There are 2 protein chains.
Amino acid sequence: MAEISPRKQPRQARARATCEAVKQAAARILVTGGPPALNTNAIAETAGVSVGTLYQYYPSKQAILAELVRDMRAGMLADIERGRAQAKGHDLRTAVRLMVGASLHHHRRDALGAEAMERAEAELPMDAETDALKRRIIALVAELLAGYGIADPELAARDLSAMTRGMAQAAVAAGETDFDALTERIARGAIGYLETGCN
Amino acid sequence: MAEISPRKQPRQARARATCEAVKQAAARILVTGGPPALNTNAIAETAGVSVGTLYQYYPSKQAILAELVRDMRAGMLADIERGRAQAKGHDLRTAVRLMVGASLHHHRRDALGAEAMERAEAELPMDAETDALKRRIIALVAELLAGYGIADPELAARDLSAMTRGMAQAAVAAGETDFDALTERIARGAIGYLETGCN
DNA sequence: ATGAAATCCGAGTATTTGCTCGGATTATTG
DNA sequence: CAATAATCCGAGCAAATACTCGGATTTCAT
């Protein structure tokens with residue numbers, strides 16, 4: 001059974017830099033070579049540290065990936081929270097546009113990295129903290145939708161998240177870079193989903 | 001460099017049964033254990049044949065997966081073709097409903113299998129034949145959409161496919177089994193996407 | 001029935017991969 | 001400047017994995 005929680009806390013600045021280097025190295029390898037290319041020796045070499053050092057802070061390979069995914073989810077949650085604050089007070093249509101835009105924020109920063117991470121998440125035993133983050137994201141969207149009188153807001157939140165994720169994934173895979181246009185297209189689908197339900 | 005095209009054609013009935021057993025074993029392992037659990041020894045054992053036998057028909061592990069994915073894509077293409085034949089003559093909304101239903105046909109047969117396969121496809125070097133199948137699927141949808149005067153039908157086809165895939169994936173992951181309800185929800189999004197574009 | 005072709009077997013090989021351990025190096029403290 | 005704690009190193013081990021090979025067994029054609 002592979003441990004997932006970190007093994008030891010870095011106390012000195014040097015050690016903190018090491019941890020960060022390891023994470024970034026793992027992320028880079030994941031983007032360039034996909035999950036099968038992600039092995040501990042490669043991570044250590046890319047990070048410029050030795051395997052032994054790596055294992056002082058991460059108890060297993062999976063733990064590195066888990067922390068990477070957790071970071072991404074935390075970032076997403078922050079993006080969504082900002083989006084909701086921005087959307088407050090607007091009508092449903094513009095609120096949806098703003099929320100979709102917020103969901104795509106991490107794609108704007110690093111589209112390939114975001115995609116690689118989301119795919120990697122699938123083949124990882126879900127750790128409790130990341131699961132909680134995902135639930136909070138959905139709950140946040142559901143709460144917003146409920147404010148507009150949407151029926152079954154939880155289901156709608158899940159559907160809209162999935163819709164966004166799916167379309168973004170395909171767009172990135174196709175090499176699209178105009179995220180404003182993509183946001184607009186996703187918002188059209190989302191608004192259609194929400195408004196067609198009421199009549 | 002791993003070969004992907006099959007190594008030898010089975011000539012006798014026994015050999016054909018072996019090939020089929022290998023494929024089904026691989027599919028089952030993929031569903032129950034995910035990509036990391038898919039190794040040649042396990043495949044051979046599950047299929048009830050020896051590794052040596054396996055390697056007489058498949059030049060590499062990837063070749064097995066590739067053929068599995070190819071089969072699934074071929075099935076999807078057939079489903080979509082039937083869907084289009086059924087949709088012909090109806091108005092846009094019912095046509096969309098029928099097409100979404102057709103796209104989900106393989107999910108109805110084996111939801112977990114379909115999902116496992118689609119995820120596995122991502123970490124596989126795209127082989128030419130499968131790529132051609134995917135293109136044909138998109139082209140078919142695009143052609144249908146063009147008949148209804150949709151602008152940029154290729155892009156719309158890609159977006160709608162991605163939308164369907166994303167929502168279906170999330171629904172299956174959440175344990176949903178009512179595919180009629182799911183079809184209806186996806187269709188709402190799709191119709192919204194298509195109709196909001198025109199005004 | 002008999003030779004040839006097809007199929008099957010599974011122990012074994014070469015490689016990869018996750019991970020450990022004992023000791024060297026660097027930082028911190030009193 | 002010690003002495004102690006923190007950090008780092010990397011050779012190497014144990015296990016897993018993709019794949020091969022030589023020969024046994026079964027099927028087919030005549």
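Lettering of chains follows the sequences in order, A, B, ..., and the numbering in each one begins at 1. Computed from a predicted model, the values in this text were never measured in an experiment.
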K.L.:
Figure out the CD1/P separation between B:I43 and D:dC19, and round it to whole Å.
P.N.:
10 Å
K.L.:
Is B:F179 reachable from B:V31 through a run of I, L, V, M, F, W or Y residues, each pair having side-chain heavy atoms under 4.5 Å apart?
P.N.:
no
K.L.:
With the criterion being N/O to N/O and under 3.5 Å, what pairs connect the protein with nucleotides 11-18 of chain C, and how long is each?
P.N.:
{"from": "C:dG18", "atom 1": "OP1", "to": "A:K61", "atom 2": "NZ", "distance (Å)": "2.7"}
{"from": "C:dG18", "atom 1": "OP2", "to": "A:T40", "atom 2": "N", "distance (Å)": "2.8"}
{"from": "C:dG18", "atom 1": "OP2", "to": "A:T40", "atom 2": "OG1", "distance (Å)": "3.1"}

K.L.:
In whole angstrom, give the distance that lies between atom CZ of A:R11 and atom P of C:dT29.
P.N.:
12 Å
K.L.:
Quickly work out the A:Q56 CD to D:dG10 P distance and round it to whole Å.
P.N.:
14 Å
K.L.:
Could you tell me the separation between the CG atom of B:L54 and the P atom of C:dC8, rounded to a whole number of Å?
P.N.:
11 Å
K.L.:
Check step by step if salt bridge (charged side-chain N to carboxylate O under 4.0 Å, His left out) holds for A:E129 and A:R73.
P.N.:
CA-CA 10 Å; A:E129 197 173 342; A:R73 286 291 172 194; over 6 Å; no
K.L.:
Once you round it to whole Å, what is the distance between P of D:dC8 and CD of A:E45?
P.N.:
18 Å
K.L.:
How does protein contact run along nucleotides 24-30 of chain D, one letter per nucleotide 5' to 3', with B for base contact, S for sugar-phosphate only, - for none, heavy atoms under 4.0 Å?
P.N.:
--SSS--
K.L.:
Do the side chains of B:I191 and B:L98 join up, straight or via other hydrophobic residues, at under 4.5 Å, putting them in one cluster?
P.N.:
no
K.L.:
B:M167 pairs by side chain to side chain contact (heavy atoms under 4.5 Å, CB included) with which of B:T183, B:I186, B:L104?
P.N.:
B:I186
K.L.:
Whole angstrom is fine here: how far is it from CD in B:Q9 over to P in C:dT7?
P.N.:
10 Å
K.L.:
Could you tell me whether a side-chain N or O of B:D91 sits under 3.5 Å from a main-chain N or O of B:T94, the two making a donor and an acceptor?
P.N.:
yes
K.L.:
For B:S50 and B:P10, find the nucleotide of DNA chain C closest to each by heavy atoms; which residue's nucleotide sits nearer the 5' end?
P.N.:
B:P10
K.L.:
Please check if B:M99 and B:L77 belong to a single hydrophobic cluster, counting links between Ile, Leu, Val, Met, Phe, Trp and Tyr side chain heavy atoms closer than 4.5 Å.
P.N.:
yes
K.L.:
Mark yes or no for whether A:T196, through its side chain, and A:Y193, through its backbone, hold a donor-acceptor pair below 3.5 Å.
P.N.:
no
K.L.:
For B:Y58 and D:dC19, give me the distance from atom OH to atom P, rounded to whole Å.
P.N.:
14 Å
K.L.:
Begin with the C-alpha distance, continue with both residues' side-chain angles, and end with the deciding distance and a verdict on salt bridge (charged side-chain N to carboxylate O under 4.0 Å, His left out) for A:D131 and A:K134.
P.N.:
CA-CA 5 Å; A:D131 188 47; A:K134 287 179 77 171; over 6 Å; no
K.L.:
Less than 4.0 angstrom between a side-chain N/O of A:T18 and OP1 or OP2 of D:dC8, yes or no?
P.N.:
yes
K.L.:
Mind listing the residues from residues 23-35 of chain B sitting with a heavy atom below 4.0 Å of DNA chain C? Number order is fine.
P.N.:
none
K.L.:
Figure out the OH/C1' separation between B:Y57 and C:dC9, and round it to whole Å.
P.N.:
12 Å
